[in-house]
Participant: 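Here it is: the structure, laid out below.
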Amino acid sequence: MSRTSRTTLRRSRTALIAAGALVAAAAGSAAAAAPFGASAAAAAGCTVDYKIQNQWNGGLTAAVSVTNTGDAISGWQLEWSFGGTEQVGQGWNATVTQSGKAVTAKNLSYNGSLASGASASFGFNATGNGNSAVPATFKLNGVTCNGDSTGPTDPPDPTDPPAGSRVNNPYEGAEVYVNPEWSAKAAAEPGGSRIAQQPTGVWLDRIAAIEGANGGMGLRDHLDEALTQKGTGELVVQLVIYNLPGRDCSALASNGELGPTEIGRYKTEYIDPIAAILGDSKYAGLRIVTTVEIDSLPNLVTNTGSRPTATPACDVMKANGNYVKGVGYALSKLGDAPNVYNYIDAGHHGWIGWDDNFGPSADTFHAAATAEGATVNDVHGFITNTANYGALTEDHFSIDDSVNGTSVRQSKWVDWNRYTDEQSFAQAFRDKLVSVGFNSDIGMLIDTSRNGWGGTQRPAGPGATTSVDTYVDGGRYDRRIHLGNWCNQSGAGLGERPQAAPAAGIDAYVWMKPPGESDGSSKAIPNDEGKGFDRMCDPTYTGNARNGNNLSGALPDAPVSGHWFSAQFQELMKNAHPAL
């Protein structure tokens with residue numbers, strides 16, 4: 001099924017044309033029963049903004065905003081009746097049900113309280129014959145909002161930006177959002193102005209980040225800035241959804257604020273508010289790419305059970321199912337906004353490229369994509385190498401090479417992996433994902449923010465054929481001590497600049513990890529972000545089973561993960577490939 005047709009079945013992510021009508025009438029003031037917590041004696045009143053954003057022969061998409069003009073209420077229920085054959089199929093930011101022609105929209109847990117003058121917004125898709133009209137009457141908690149039975153119709157709100165079209169690849173034909181906070185830090189570095197206007201991901205790594213942590217920009221601030229950057233063209237905004245319960249169970253540097261069992265808080269305090277903001281019709285013209293839960297699901301495959309890399313924390317997360325539930329819930333809720341494109345994090349070739357990780361990881365991703373109300377139609381694609389260092393391509397050796405009769409797969413570096421670089425892995429893993437049930441037109445993203453490996457250490461040709469190890473080690477671009485090293489790697493450089501559709505099956509090269517933001521602290525640093533100290537970020541650490549008991553290769557004097565690390569930024573620019 002094509003990407004366009006499959007999403008029509010789910011929630012009609014085709015063109016959202018501002019062709020709706022506004023219903024606004026005098027507010028009613030009669031007292032009425034308040035079934036969701038309002039006082040029976042409270043004065044009630046409301047106005048409704050109902051826009052048919054898109055309509056075709058077979059369905060429609062509508063956006064609704066209800067404003068409480070009476071006394072404050074702690075829960076709301078909006079009712080109306082369709083005039084034709086419409087049937088609601090999917091709603092977002094409200095529970096929308098239908099009986100006959102009568103429709104009821106009830107608040108969710110996070111948007112039920114409405115002070116006087118406050119509004120709540122939701123939307124839905126419905127089937128229809130292409131002739132749907134704005135309903136004549138609405139009732140909020142039993143009180144009629146629009147006394148005029150016909151309801152005046154006005155043109156669309158001119159302050160709402162025009163909605164875009166659902167596309168196969170959101171990056172094609174679009175600019176990508178430049179985070180002004182990252183851009184300012186980059187520009188302040190010597191030589192940083194050369195890349196300060198590159199687009200990077202916005203990391204929502206804790207609940208406070210939604211509103212803006214420590215005085216920084218919140219999600220709405222970024223989206224409002226994105227509207228300014230958008231102008232009359234198309235613009236992609238890249239968000240990293242990163243706050244699972246028991247986050248990053250195999251490492252400490254990026255542990256999070258939520259404990260292993262706090263799936264309820266993850267849903268109601270983190271995902272639901274993000275979904276409500278993304279569902280605001282104000283942002284319907286943006287293409288919003290979400291990369292969902294970095295370094296989570298592969299842990300359930302590689303770091304559990306009897307494997308030598310297993311950790312008790314990952315065993316807990318596999319047993320309680322909260323990684324699978326959390327990812328499924330995020331996909332379902334965030335995917336309700338018709339302009340959101342969900343990409344699941346798929347690790348990297350140096351993590352799940354081995355035979356015993358490759359297939360089980362695809363199966364685990366499918367389990368998450370069909371959990372908590374999600375379907376594979378909520379998944380637009382996958383992203384690999386996020387915040388990692390795997391070379392995009394290795395040109396001086398291939399997985400099919402052999403030296404003196406010994407396969408490259410037997411080298412210490414490759415260690416029986418089936419892939420030598422990120423691009424070949426991403427393309428092959430895409431095929432595997434399709435084979436386990438994902439849609440055939442999914443696209444892949446590759447994070448190239450730190451995998452350039454340029455500078456004076458970049459090999460110009462193959463290594464010596466003395467042995468398979470000299471051949472591989474002498475020719476490989478990736479200069480890490482071991483493929484399992486992941487924290488603030490010495491010698492790394494900026495990789496390919498962000499670009500759309502660079503290779504078959506690849507939607508874009510992206511800088512999802514902002515260059516210059518630390519992977520983790522080199523020593524324990526107290527912080528209020530729930531982030532611990534991982535020895536893999538300590539340059540004196542001699543390793544563990546995950547990196548073959550080698551040195552960590554980390555830069556010294558690094559700050560807590562996500563904080564600005566000037567020395568790393570300078571190293572990335574110095575070793576950039578292509579060079580700056």
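Below, all heavy atoms of this structure are taken into account, side chains as well, without hydrogens, waters or symmetry copies.
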Participant: Could you check whether any side-chain N or O of Thr291 sits under 3.5 Å from a backbone N or O of Leu239, counting only pairs where one atom can act as donor and the other as acceptor?
Facilitator: yes

Participant: Salt bridge check, Lys523 against Asp557: does any charged N sit closer than 4.0 Å to a carboxylate O?
Facilitator: no

Participant: Take atom CD of Gln410 as the centre, draw a 6.0 Å sphere, and report whether it contains more than 12 heavy atoms from other residues, nucleotides or ligands.
Facilitator: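 Yes - once you tally the heavy atoms of other residues, nucleotides and ligands closer than 6.0 Å, there are more than 12.
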
Participant: Evaluate the criterion salt bridge (Lys or Arg N to Asp or Glu O under 4.0 Å) for residue pair Arg450 and Asp519; output intermediate values, then yes/no.
Facilitator: CA-CA 12 Å; Arg450 303 184 300 177; Asp519 294 321; 2.8 Å; yes

Participant: If you take the centroid of each ring, where Trp contributes its six-membered ring, are Trp486 and Tyr389 closer together than 6.0 Å?
Facilitator: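 No, ring centres 6.0 Å or more apart.
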
Participant: Do Tyr341 and His380 have ring centres separated by under 6.0 Å?
Facilitator: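 Here the rings of His380 and Tyr341 have centres that are less than 6.0 Å from each other.
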
Participant: Are there more than 12 heavy atoms of other residues, nucleotides or ligands under 6.0 Å from atom CD of Glu175?
Facilitator: no

Participant: Centre-to-centre under 6.0 Å for His348 and Phe425, is that the case here?
Facilitator: no

Participant: Does any N or O in the side chain of Arg287 come within less than 3.5 Å of the main-chain N or O of Pro170, such that one atom is a donor and the other an acceptor?
Facilitator: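 Present.
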
Participant: Tell me which one of Tyr171, Tyr343, Trp511 satisfies side chain to side chain donor-acceptor pair (under 3.5 Å) with Gln238.
Facilitator: Tyr171

Participant: Between Arg247 and Glu257, does any NZ, NE, NH1 or NH2 come within less than 4.0 Å of an OD or OE carboxylate oxygen?
Facilitator: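 Not counted as a salt bridge, because no side-chain N and carboxylate O are separated by less than 4.0 Å.
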
Participant: Test side-chain contact (heavy atoms from CB on, under 4.5 Å) on Ile442 and Phe382 and set out the steps.
Facilitator: CA-CA 8 Å; Ile442 55 172; Phe382 291 78; 4.1 Å; yes

Participant: Can Arg476 be said to sit on top of Trp413's aromatic six-ring, NZ or CZ under 6.0 Å from centre and within 45° of the ring axis?
Facilitator: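 Satisfied, under 6.0 Å and within 45°.
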
Participant: Do side-chain atoms of Lys513 reach the backbone of Ser518 as a donor and acceptor pair under 3.5 angstrom?
Facilitator: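 Yes; at least one donor-acceptor contact below 3.5 Å.
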
Participant: Are any side-chain N or O atoms of Glu394 and backbone N or O atoms of Glu422, one a donor and one an acceptor, separated by less than 3.5 Å?
Facilitator: no

Participant: Is a side-chain donor or acceptor of Asn547 paired with a backbone partner of Asn544 at a separation under 3.5 angstrom?
Facilitator: yes

Participant: Does Tyr477 have Arg458 sitting over its ring (NZ/CZ under 6.0 Å from centre, angle to axis within 45°)?
Facilitator: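 Yes, Arg458 and Tyr477 form such a contact.
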
Participant: Can you see whether Asn303 engages Thr311 through a side-chain donor-acceptor pair at a distance of less than 3.5 angstrom?
Facilitator: no

Participant: Is there a donor-acceptor pair closer than 3.5 Å between any side-chain N or O of Arg497 and the backbone N or O of Gly495?
Facilitator: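 Present.
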
Participant: Under the salt bridge (Lys or Arg N to Asp or Glu O under 4.0 Å) criterion, do Glu372 and Lys267 qualify, and how do the steps go?
Facilitator: CA-CA 11 Å; Glu372 299 290 307; Lys267 292 178 177 180; 2.7 Å; yes

Participant: Under the criterion side-chain contact (heavy atoms from CB on, under 4.5 Å), I'd like the reasoning laid out for Ile277 against Ile274: C-alpha separation, chi angles, the key distance, then a yes or no.
Facilitator: CA-CA 5 Å; Ile277 293 170; Ile274 293 173; 5.9 Å; no

Participant: Give a yes or no on whether the backbone of Asp469 and the side-chain of Ser411 come within a donor-acceptor separation of less than 3.5 Å.
Facilitator: no

Participant: Mind listing the closest non-hydrogen atom pair of Leu297 and Ala368 along with its distance?
Facilitator: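 Shortest heavy-atom separation between Leu297 and Ala368 comes out as CD1-CB, 3.8 Å.
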
Participant: Strictly under 6.0 Å, is that where the ring centroids of Tyr419 and Phe358 end up?
Facilitator: yes

Participant: Determine, for Arg535 against Asp538, whether the closest basic-nitrogen to carboxylate-oxygen distance falls under 4.0 angstrom.
Facilitator: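 Yes, this pair counts.
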
Participant: One pair to check against side-chain contact (heavy atoms from CB on, under 4.5 Å): His222 and Tyr177. What are the steps and the verdict?
Facilitator: CA-CA 9 Å; His222 284 293; Tyr177 175 64; 2.9 Å; yes

Participant: How about Trp564 and Phe569: are their ring centroids closer than 6.0 Å?
Facilitator: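 So the answer is yes for these two rings.
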
Participant: Provide the closest heavy-atom pair for Val178 versus Gln229 in the form atom of the first, atom of the second, distance.
Facilitator: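 It is O-NE2, 2.8 Å.
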
Participant: Given Arg480 and Leu483, is the side-chain contact (heavy atoms from CB on, under 4.5 Å) satisfied, shown in steps?
Facilitator: CA-CA 6 Å; Arg480 284 178 289 178; Leu483 196 59; 3.4 Å; yes

Participant: Kindly say whether Ala464 contributes a backbone atom to a donor-acceptor pair with the side chain of Thr470 at under 3.5 angstrom?
Facilitator: yes

